[in-house]
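Ligands are counted one by one from 1 in listed order, and the atoms in each one are counted from 1 as well.
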Amino acid sequence: MSESVPRISIRDAAAHAGATVEIAGWLYNLRRSGKICFPLLRDGTGIIQCVAVKNQLDEALFEALKDLTQESSLIVRGRIRAEHRAPGGYELDVEGAEILQRVPESDPYPITPKEHGVDFLMDHRHLWLRSRRQHAILGVRHEVIRAIRDYFDSNGFTLVDTPIFTPAACEGTTTLFEVDYFEGEKVYLTQSGQLYNEANAMAFGKVYCFGPTFRAEKSKTRRHLTEFWMVEPEMAYANLEDVKRVAEELIVFVTGRVLERRRTELTELERDISKLEAIRAPFPRISYDEAVERLKQKGSEITWGGDFGGADETLLSEDYDRPVMVDRYPAQVKAFYFQPDAQRPEVVLGVDVLAPEGYGEIVGGGQRIHDLDLLLRRLEEHKLPREAFEWYLDLRKYGSVPHAGFGMGVERFVAWMCGLEHIRETIAYPRMIYRTRP
Ligand code: 4AD
Ligand code: MG
């Protein structure tokens with residue numbers, strides 16, 4: 001708009017107190033009283049209240065600002081002034097403005113400051129993202145992802161991306177999305193990068209992959225998406241105890257980062273921060289056997305050999321103020337690749353980490369079978385086609401070693417950090433059984 005005036009972000013307003021600046025944004029809300037109006041401007045980094053005074057502005061401009069409609073786009077020029085009563089601590093005294101697009105009254109912005117139902121908001125997800133709450137949640141998500149990468153990048157892990165079109169099932173055949181590939185070939189959307197991670201770990205020692213994964217989950221719960229992001233580390237020459245140690249370190253590190261850098265967002269979300277401050281090592285560790293006993297005492301219908309439902313996970317986690325690690329599940333409830341416990345072959349060296357406050361399983365992983373014959377038997381028991389796994393079997397023929405890893409779901413982690421009721425708000429465009437739009 002003006003050559004000499006610097007264009008700033010609202011989040012940097014403090015550094016420009018007393019100076020005349022330009023801010024490019026959208027009208028979040030507007031209050032007016034006679035000869036003065038207060039446009040609330042948002043620019044994606046924050047919200048600032050502007051003060052436009054009639055007798056200090058061009059008359060046409062004042063009239064235009066005074067009647068501006070929600071989410072109209074505009075560039076405002078003015079002086080930043082400290083104002084201790086303002087939410088961000090600063091206001092802008094308007095000296096000029098340029099309106100880029102005025103939202104017409106005939107077709108107003110659909111999301112008004114009043115209450116809307118979740119379905120309506122989900123249908124308008126592409127616009128809902130502009131709200132303070134969604135902004136705060138996605139800010140926390142960004143921090144979680146950045147912290148996860150920082151953790152692995154600074155602990156000797158190499159990022160190796162794994163494919164999304166895959167020929168084989170990793171996590172069982174019941175949740176596969178099938179895709180028509182060329183000339184009648186069927187492939188599946190990946191459920192997990194793990195199998196490729198195992199190959200990559202034999203090449204690099206410690207690796208991780210981080211990308212979207214897919215599950216044709218028919219379950220309509222507050223913890224399930226059909227498309228979610230998972231970070232998966234895998235380590236050669238490693239066992240179940242290494243998985244627990246790394247998962248614990250990762251969770252403590254990421255939680256610490258969120259607390260350190262996203263206080264404003266957590267406050268906006270009215271998150272009870274003391275609950276997150278309690279997340280410190282060591283995490284309690286219990287066995288599946290012990291978990292079943294506890295659940296029975298708490299009135300669950302579970303019997304030994306069954307998998308935990310969401311309600312069981314909540315019951316288990318309510319005894320702790322930090323995540324609990326449950327290990328050694330019965331082989332029959334886990335995927336084909338889990339290494340059995342040498343002392344008790346009916347249980348496997350797998351661990352689930354259950355978040356507190358009822359957020360359920362955030363991490364699943366363990367030690368993998370490294371013996372070729374045992375792996376072949378398991379593929380048969382699980383009725384998985386050997387051809388699709390030949391390359392995976394090679395890893396047990398050429399320098400096989402004990403190895404282990406895990407997967408952590410980003411959306412469940414973010415839901416927990418933010419204290420959300422439902423996972424659907426943790427990703428910009430959630431995919432669920434009955435939701436594929438917008
Ligand atoms: O326990 P899961 O299924 O483990 C695996 O996929 C392993 N192959 C990972 C590995 O060892 N490399 O999934 C891991 C995590 C869960 O703990 C949960 O956080 C998340 O992924 N997750 C989901 N998140 C949202 N919606 C779903 N439908 C999810 N399914 C799993
Ligand atoms: Mg699991």
Side-chain angles (χ1 to χ4, degrees), residues 141 144 148 152 157 160 162 166 168-177 188-201 206-235 238 240 242-244 246-247 250-251 254 288 307-310 312-313 317 323-327 329 333-339 348-355 359-369 392 403-417 420 422-427 430-433 435:
R141 178 187 173 99
V144 165
I148 288 171
F152 287 115
F157 288 77
V160 184
T162 51
T166 58
C170 180
E171 296 300 315
T173 50
T174 55
T175 62
L176 281 175
F177 279 114
Y188 309 106
L189 297 182
T190 185
Q191 297 167 307
S192 157
Q194 181 195 320
L195 306 185
Y196 296 93
N197 259 350
E198 292 182 47
N200 300 339
K206 296 203 285 184
V207 296
Y208 72 102
C209 64
F210 197 167
T213 47
F214 304 86
R215 304 276 168 101
E217 300 267 12
K218 286 272 166 57
S219 35
K220 205 184 152 200
T221 80
R222 60 196 188 90
R223 295 173 184 170
H224 288 91
L225 296 168
T226 52
E227 175 180 327
F228 62 97
W229 284 65
M230 180 159 47
V231 62
E232 299 179 80
E234 190 74 26
M235 302 169 281
L240 175 62
D242 295 311
V243 162
K244 291 189 208 166
V246 173
L250 172 70
I251 292 167
V254 178
Y288 170 89
D307 203 359
F308 302 141
D312 291 322
E313 289 176 358
S317 65
V324 54
M325 299 182 151
V326 184
D327 76 357
Y329 284 75
V333 301
K334 289 290 176 193
F336 73 95
Y337 51 71
F338 278 97
Q339 173 73 19
V348 292
L349 300 178
V351 62
D352 280 359
V353 182
L354 311 180
Y359 283 94
E361 181 201 325
I362 48 170
V363 163
Q367 197 173 322
R368 325 305 189 186
I369 293 175
Y392 184 68
H403 60 288
F406 65 86
M408 183 168 89
V410 166
E411 290 77 16
R412 290 211 191 151
F413 197 93
V414 173
W416 169 41
M417 289 292 111
L420 306 182
H422 197 293
I423 197 170
R424 65 189 157 214
E425 286 177 272
T426 62
I427 185 165
R431 298 293 176 246
M432 293 170 289
I433 176 166
R435 163 100 30 213

Salt bridge D352-K334, side-chain N to carboxylate O under 4.0 Å: yes

Using a distance-only test with no angle check, is there a side-chain donor-acceptor pair under 3.5 angstrom linking E234 and Y196? no

Would you please name every residue forming a salt bridge (charged side-chain N to carboxylate O under 4.0 Å, His left out) with E227, sequence neighbours left out? none

Using a distance-only test with no angle check, is there a side-chain donor-acceptor pair under 3.5 angstrom linking E198 and H403? yes

Suppose the cut-off is 2.8 Å; how many protein N/O/S atoms fall inside it around the Mg ion (ligand 2)? 1

Check ligand 1 for close polar pairs with the protein: N or O on both sides, less than 3.5 Å.
{"residue": "ligand 1", "atom": "1 (O)", "partner": "E361", "partner atom": "OE2", "Å": "2.9"}
{"residue": "ligand 1", "atom": "3 (O)", "partner": "R215", "partner atom": "NH1", "Å": "2.9"}
{"residue": "ligand 1", "atom": "3 (O)", "partner": "R215", "partner atom": "NH2", "Å": "3.2"}
{"residue": "ligand 1", "atom": "6 (O)", "partner": "E171", "partner atom": "OE2", "Å": "3.4"}
{"residue": "ligand 1", "atom": "6 (O)", "partner": "R215", "partner atom": "NH2", "Å": "2.8"}
{"residue": "ligand 1", "atom": "8 (N)", "partner": "E171", "partner atom": "OE2", "Å": "2.6"}
{"residue": "ligand 1", "atom": "8 (N)", "partner": "S192", "partner atom": "OG", "Å": "2.9"}
{"residue": "ligand 1", "atom": "8 (N)", "partner": "Q194", "partner atom": "OE1", "Å": "2.7"}
{"residue": "ligand 1", "atom": "8 (N)", "partner": "Y337", "partner atom": "OH", "Å": "3.3"}
{"residue": "ligand 1", "atom": "11 (O)", "partner": "Q194", "partner atom": "OE1", "Å": "3.4"}
{"residue": "ligand 1", "atom": "11 (O)", "partner": "R368", "partner atom": "NH1", "Å": "3.4"}
{"residue": "ligand 1", "atom": "11 (O)", "partner": "R368", "partner atom": "NH2", "Å": "2.9"}
{"residue": "ligand 1", "atom": "12 (N)", "partner": "E232", "partner atom": "OE1", "Å": "2.7"}
{"residue": "ligand 1", "atom": "12 (N)", "partner": "F406", "partner atom": "O", "Å": "3.4"}
{"residue": "ligand 1", "atom": "17 (O)", "partner": "E361", "partner atom": "OE2", "Å": "2.6"}
{"residue": "ligand 1", "atom": "17 (O)", "partner": "I362", "partner atom": "O", "Å": "3.4"}
{"residue": "ligand 1", "atom": "17 (O)", "partner": "V363", "partner atom": "N", "Å": "3.4"}
{"residue": "ligand 1", "atom": "19 (O)", "partner": "E361", "partner atom": "O", "Å": "3.4"}
{"residue": "ligand 1", "atom": "19 (O)", "partner": "I362", "partner atom": "O", "Å": "2.9"}
{"residue": "ligand 1", "atom": "19 (O)", "partner": "G409", "partner atom": "N", "Å": "3.2"}
{"residue": "ligand 1", "atom": "26 (N)", "partner": "L225", "partner atom": "N", "Å": "3.0"}
{"residue": "ligand 1", "atom": "28 (N)", "partner": "E217", "partner atom": "OE2", "Å": "3.4"}
{"residue": "ligand 1", "atom": "28 (N)", "partner": "L225", "partner atom": "O", "Å": "2.9"}

Scan for ring-ring contact (aromatic ring centres under 6.0 Å, His included) pairs involving residues 212-235, sequence neighbours excluded, and state none if there are none. none

Can you tell me how far OG of S317 sits from CH2 of W416, rounded to the nearest 0.5 angstrom? 10.5 Å

Using atom types as modelled and distance alone, determine if a side-chain donor or acceptor of R215 lies under 3.5 Å from a backbone N or O of T226. no

Taking NZ, NE, NH1 and NH2 as the nitrogens, is one of them in E313 or R223 under 4.0 Å from a carboxylate oxygen of the other? yes

Within the side chain of Q191, is there an N or O that forms a donor-acceptor pair under 3.5 Å with the backbone of E171? yes

